[in-house]
Amino acid sequence: MKQYINCSIVYVVLALVGGVFYREFTKINDYAAWTTLSVVHTHYFILGMMFFLVLSVVSTCAHFKSNRAVLFYNIGLNLTAIMLVVRGIVQILDLNVVSALISGVASIGHIILGVSLILILLDIKKGCIK
């Protein structure tokens, strides 16, 4: 449980940093249109902080323990968020970068995130049955 609370704290800090970076970077570059930087903040709050707060409660009630799936979840979430930041910076600075590469890496992050969510839910189910 302590591990999940610590993850939640890390993700709330990352969410706040993401929100401040979005606000300041768009302001510095005088950018007013929508950018993917705007969703980094919410991704880290919901998929990071809220997910691990709920997981900490579930882990005490259901005797849940799944270190490998949680590790993959962290990798998938951070890979996804990093690619959101990269795409946002490319959008704001109007760089000529291969968008397919960014989309491909972001897709890998989403796939890892989705598979790990399924594994975590199966581990929770297994913990409930015991």
Side-chain angles (χ1 to χ4, degrees):
M1 180 172 139
K2 183 180 175 184
Q3 167 190 346
Y4 301 138
I5 298 293
N6 288 337
C7 281
S8 184
I9 292 168
V10 168
Y11 282 120
V12 77
V13 170
L14 288 171
L16 293 171
V17 168
V20 170
F21 179 74
Y22 159 67
R23 187 188 71 216
E24 295 302 319
F25 194 69
T26 53
K27 190 187 306 181
I28 288 169
N29 290 290
D30 197 30
Y31 190 83
W34 186 86
T35 176
T36 58
L37 278 180
S38 65
V39 297
V40 172
H41 177 74
T42 52
H43 272 70
Y44 270 143
F45 261 132
I46 303 301
L47 295 176
M49 183 197 73
M50 292 300 294
F51 176 79
F52 280 104
L53 283 177
V54 170
L55 196 60
S56 67
V57 172
V58 169
S59 70
T60 58
C61 298
H63 306 293
F64 163 75
K65 191 168 186 175
S66 177
N67 293 331
R68 187 179 301 159
V70 171
L71 173 69
F72 283 124
Y73 182 87
N74 282 311
I75 291 169
L77 176 56
N78 287 303
L79 184 59
T80 300
I82 288 168
M83 296 317 295
L84 287 172
V85 170
V86 169
R87 182 178 295 280
I89 291 171
V90 167
Q91 287 172 338
I92 291 170
L93 298 178
D94 197 27
L95 301 174
N96 291 327
V97 178
V98 179
S99 182
L101 177 65
I102 296 172
S103 296
V105 176
S107 296
I108 291 170
H110 279 88
I111 291 168
I112 293 170
L113 197 58
V115 170
S116 63
L117 272 171
I118 292 168
L119 293 175
I120 289 169
L121 289 172
L122 291 174
D123 287 341
I124 290 171
K125 180 182 174 185
K126 194 183 317 177
C128 288
I129 292 172
K130 290 182 181 179

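In this chain, numbering begins with 1 at the start of the sequence shown.
Transitive grouping of hydrophobic side chains (ILVMFWY, heavy atoms separated by less than 4.5 Å) keeps V86 and I28 in distinct clusters. Cluster annotation: V54 and L47 are assigned to the same hydrophobic cluster (Ile/Leu/Val/Met/Phe/Trp/Tyr, side-chain heavy-atom contacts under 4.5 Å, transitive). Linking ILVMFWY side-chain heavy atoms closer than 4.5 Å, directly or via other members, places M50 and L55 in two distinct hydrophobic clusters.
Atom CG of N29 and atom CD1 of I89 lie 9.5 Å apart (nearest 0.5 Å). Atom-to-atom distance recorded for K125:NZ and L121:CG is 10.5 Å, nearest 0.5 angstrom. In this structure, L77 CG and I46 CD1 are separated by 11.5 Å, a value rounded to the nearest 0.5 Å.
When every heavy atom of V85 is checked against every heavy atom of V40, the shortest pair comes out as CG2-CG2, 3.7 Å. Among all heavy-atom pairs drawn from Y31 and Q91, the shortest one is CE1-O, 3.8 Å. Residues L84 and T36 share a closest heavy-atom pair of O-OG1, 2.9 Å. When all heavy atoms are compared, the tightest approach of A69 to I120 is CB-CG1, 3.6 Å.
In this structure, S107 has no side chain to side chain donor-acceptor pair (under 3.5 Å) partners at least two apart in sequence or on a different chain. Looking at residues two or more places apart in sequence or on another chain, you find a side chain to side chain contact (heavy atoms under 4.5 Å, CB included) between N67 and Q3, K65. Here F45 pairs with H41 under the ring-ring contact (aromatic ring centres under 6.0 Å, His included) rule; sequence neighbours left out.
Screening residues 45-59 for side chain to side chain donor-acceptor pair (under 3.5 Å), with sequence neighbours left out, gives no hits. Sorted by first and then second residue, the pairs that involve residues 65-108 and meet ring pair (Phe, Tyr, Trp, His ring centres under 6.0 Å), not counting sequence neighbours, are F51-Y73, F52-Y73. Sequence neighbours left out, the pairs with a member in residues 108-124 that pass side chain to side chain donor-acceptor pair (under 3.5 Å) are S66-D123. Screening residues 7-17 for salt bridge (Lys or Arg N to Asp or Glu O under 4.0 Å) gives no qualifying pairs among residues at least two apart or on separate chains.
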Quick one: side chains of residues 5-25, donor-acceptor pairs under 3.5 Å with protein atoms, not counting sequence neighbours, listed by atom name and distance.
residue, atom, partner, partner atom, Å
N6, ND2, K2, O, 3.4
S8, OG, M49, O, 3.1
Y11, OH, N74, OD1, 2.6
Y11, OH, N78, ND2, 3.1

Determine all donor-acceptor pairs shorter than 3.5 Å in which one atom belongs to a side chain in residues 92-106; sequence neighbours excluded.
residue, atom, partner, partner atom, Å
S99, OG, R87, NH1, 3.1
S103, OG, R87, NH2, 2.5
S103, OG, S99, O, 3.2

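Other members of the cluster containing V115 are I111, L119, with ILVMFWY side chains joined at under 4.5 Å, either directly or via other members. Cluster note: L122 groups with I118 through ILVMFWY side-chain heavy atoms spaced under 4.5 Å, whether in direct contact or through intervening members.
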* What do the steps show when you test I75 against L71 for side-chain contact (heavy atoms from CB on, under 4.5 Å), and what is the final call? -> CA-CA 6 Å; I75 291 169; L71 173 69; 4.1 Å; yes

